[in-house]
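All of these numbers come straight from a predicted model, not from anything done at the bench. Position 1 is the first residue of the sequence; numbering continues from there.
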Amino acid sequence: MSLSKFLPKTVPPEPDFCPGLPAVLRAEAGGDPAGWASTHRETVRRLVAEYGAVLVRGLGLADQAAAAAVFGRLTDLLTTEREAFAPRTAYPGGVHSSTEWPPNQPMCMHHELSYTLEFPGLLLFACVSPPSSGGVTGVSDSTAVLASLPADLRTRFERDGWLLTRSFNDEIGASVAEAFGTEDRSAIEEYCRANRIEFEWQPDGGLHTRQRRDAIVGHPVTGRPCWFNQIAFLNEWTMAPEVHEYLVDVYGADGLPFNTRFGNGDPIGEDIVQLLNEVYEEHTVREPWQAGDLLLVDNVRTAHSRDAYEGPREVLVGLADPVRLSDCSLASEGKNQ
């Protein structure tokens, strides 16, 4: 889908701004990205609130230090990651690498850390080096996705929520230490109890967890209902068939590194996962990366993805302005947490 679909047909855009999803703001940083960010912070934040995602083009982010300086000026608080589903590297200044994920495997639409009780409200992506092909970070409006789902499916997910199951190992996905920041069993158990995560240590020393979360939440600022989860992304049926077959063969159907179910424990069928991914695709917009770009994403209102790619790709990430799930309840009824 082209960004032009979202541009106004009769009113020309402002000289340095193109409305859409993502909205495109052209920067003239003059070699000082951090200074530009300080000057234009309120404008950028207002546009993120209005459109859900903003691509700042021409900022010239060339390395980790520049990204850290800009991230710090555009956010209220940069956080570290907890409960990661796959490894990433943390750098100074609140900057992270992109999640380690095979380049030839896409990452379908999801909301970052939507299975946690506290998650980033704002995501920042700085493109230091775009790949030779592919690797686009797509975005999708979660309110539009929710409105496009069949009514009976929306009702069920609103009622039951969703369940994430994880079986940690040292080969696939994040290890226990990478996910929880420690190998100390007592500390891990304390964290799980505090964050409403059921846990069970396996005879071989592995860890199996289950956590039930909301699938539809109210935006913490506007209150608008948003489809907010990682149901499709972390489900077994989103995996490439050969990957799924290999993992089931090695770990068994109940020992997959991660999987999702309805909140009452019922399996989510392949047909439902396919439907979710098709609806996401209908509402996905892709803008190819250019070196120095900065993309800001409202993590509740807007889902994001990553296409498969070829060639080296360096996109740095900032996780910012944490929001608690308890602050995202739908006004109409109490929610599952």
Of all heavy-atom pairs linking Trp227 and Leu276, the shortest is CZ2-CD2, 3.7 Å

For a quick check under 3.5 Å, do His208 and Glu200 share a side-chain donor-acceptor pair by atom type?
no

Practice item. Would you please test Asp214 and Cys328 for side-chain contact (heavy atoms from CB on, under 4.5 Å) and show each step? Key: CA-CA 10 Å; Asp214 295 336; Cys328 298; over 6 Å; no

- Item | Side chain to side chain, Phe233 and Met107, heavy atoms closer than 4.5 Å | yes

- Item | Parallel, tilted or perpendicular, as decided by the 30° and 60° cut-offs, for the rings of Phe180 and Tyr191 | perpendicular

Closest non-hydrogen contact found for Gly292 with Leu59 is O-CB, 3.8 Å

Donor-acceptor contact below 3.5 Å, side chain Arg313 vs main chain Ser133: no

Check: Within the side chain of Asp321, is there an N or O that forms a donor-acceptor pair under 3.5 Å with the backbone of Asp76?
Finding: yes

Are there over 12 heavy-atom neighbours, none belonging to Asp254, within less than 6.0 Å of that residue's CG? no

Open item on the list: Are more than 12 heavy atoms, taken from residues, nucleotides or ligands other than Arg224, located less than 6.0 Å from that residue's CZ atom?
Closed with: no

How far apart are the C-alpha atoms of Ser97 and Arg88, what are their side-chain angles, what is the distance that settles it, and do they pass the side chain to side chain donor-acceptor pair (under 3.5 Å) test?
CA-CA 6 Å; Ser97 69; Arg88 71 164 92 233; 5.6 Å; no

*Should Val136 and Val54 be counted in the same cluster of Ile, Leu, Val, Met, Phe, Trp and Tyr side chains packed under 4.5 Å apart?*
no

Scanning both residues in full, the closest heavy-atom pair of Arg301 with Ala49 reads NH1-O, 3.3 Å

For atom CD of Glu310, decide whether the heavy atoms of other residues, nucleotides or ligands shown that lie under 6.0 angstrom number more than 12. no

Thr116 side chain near Arg82 side chain, heavy-atom distance below 4.5 Å: no

query = Do the side-chain N and O atoms of Arg73 and Ser38 include a donor-acceptor pair separated by under 3.5 angstrom?
reply = yes

Find out whether Leu117 and Arg213 are in side-chain contact, i.e. whether some heavy atom of one side chain is under 4.5 Å from a heavy atom of the other. yes

After noting the C-alpha distance and the side-chain angles of Leu164 and Phe85, does the key distance pass the side-chain contact (heavy atoms from CB on, under 4.5 Å) rule?
CA-CA 11 Å; Leu164 172 65; Phe85 67 87; over 6 Å; no

Dump the intermediate steps for side-chain contact (heavy atoms from CB on, under 4.5 Å) on Ile272 and Trp237, then the final yes or no.
CA-CA 9 Å; Ile272 293 177; Trp237 299 116; over 6 Å; no

Do Val128 and Leu296 share a hydrophobic cluster, counting only Ile, Leu, Val, Met, Phe, Trp and Tyr and linking them when any side-chain heavy atoms are less than 4.5 Å apart?
yes

CG (Leu122) and CG (Leu74) are apart, to the nearest 0.5 Å, by 8.5 Å

Do Leu78 and Tyr91 belong to the same hydrophobic cluster, where Ile, Leu, Val, Met, Phe, Trp and Tyr are linked whenever their side-chain heavy atoms lie under 4.5 Å apart, directly or via other members? yes

Requested in this report: Would you please test Arg166 and Glu83 for salt bridge (Lys or Arg N to Asp or Glu O under 4.0 Å) and show each step?
Outcome: CA-CA 11 Å; Arg166 303 184 67 173; Glu83 296 184 52; 5.2 Å; no

Flag the pair Asn235 / Trp162 as yes when at least one side-chain heavy-atom distance between them is below 4.5 Å, and no otherwise. no

Test side-chain contact (heavy atoms from CB on, under 4.5 Å) applied to Trp289 and Leu55, step by step: CA-CA 10 Å; Trp289 283 115; Leu55 177 66; 4.2 Å; yes

Between Arg261 and Asp160, does any NZ, NE, NH1 or NH2 come within less than 4.0 Å of an OD or OE carboxylate oxygen?
no

Leu61 and Ala126 have their tightest heavy-atom pair at CD1-CB, 3.6 Å

Close side-chain approach of Leu330 to Glu158, heavy-atom, < 4.5 Å: yes

Here the pair of heavy atoms bringing Ala37 nearest to Val70 is CB-CG1, 4.0 Å

**Item:** NZ/NE/NH1/NH2 to OD/OE distance under 4.0 Å, Arg46 and Glu42
**Value:** no

Next on the checklist: Are there over 12 heavy-atom neighbours, none belonging to Glu190, within less than 6.0 Å of that residue's CD?
Outcome noted: no

Rounding to 0.5 Å, atoms OH (Tyr280) and CG (Leu275) come to a distance of 11.0 Å

Review point. Are side-chain heavy atoms of Val95 and Val317 found at a separation under 4.5 Å?
Key: no

**Prompt:** With the 4.5 Å side-chain cut-off for hydrophobic clustering, are Ile197 and Ile188 part of the same group?
**Reply:** yes

*Examine Phe258 together with Tyr115 and report whether their ring centres are nearer than 6.0 Å.*
no

Any donor-acceptor pair under 3.5 Å from His111 side chain to Asn229 backbone | no

Do Leu247 and Leu207 share a hydrophobic cluster, counting only Ile, Leu, Val, Met, Phe, Trp and Tyr and linking them when any side-chain heavy atoms are less than 4.5 Å apart? no

Please determine whether the number of non-hydrogen atoms from other residues, nucleotides or ligands lying under 6.0 Å from atom CD of Glu245 exceeds 12. no

Quiz item: Heavy-atom distance under 4.5 Å between the side chains of His219 and Asp298, does that happen here?
Solution: yes

- prompt: Is a side-chain donor-acceptor pair under 3.5 Å present for Thr165 with Arg210?
  reply: no

Closest heavy-atom pair, Ser140 versus His283, reported as atoms and distance to 0.1 Å, is OG-O, 3.3 Å

Under 3.5 Å, is there a donor-acceptor pair between the side chain of Thr79 and the main chain of Leu319?
yes

Task: Glu242 atom CD, over 12 foreign heavy atoms within 6.0 Å - done: yes

May I ask you to test the Phe119-Phe228 pair for a side-chain heavy-atom distance under 4.5 Å? yes

Item to complete: Could you tell me whether His304 and Phe125 have their ring centroids closer than 6.0 angstrom?
Response: yes

Distance col, row Ser98:OG vs Glu314:CD, nearest 0.5 angstrom, shows 8.5 Å

CZ (Arg156) and CG (Leu149) are apart, to the nearest 0.5 Å, by 14.0 Å

One should read off an interatomic distance between Cys108 SG and Gln230 CD, to the nearest 0.5 angstrom, of 9.0 Å

Output for pair (Gln274 CD, Glu281 CD), nearest 0.5 Å, gives 12.5 Å

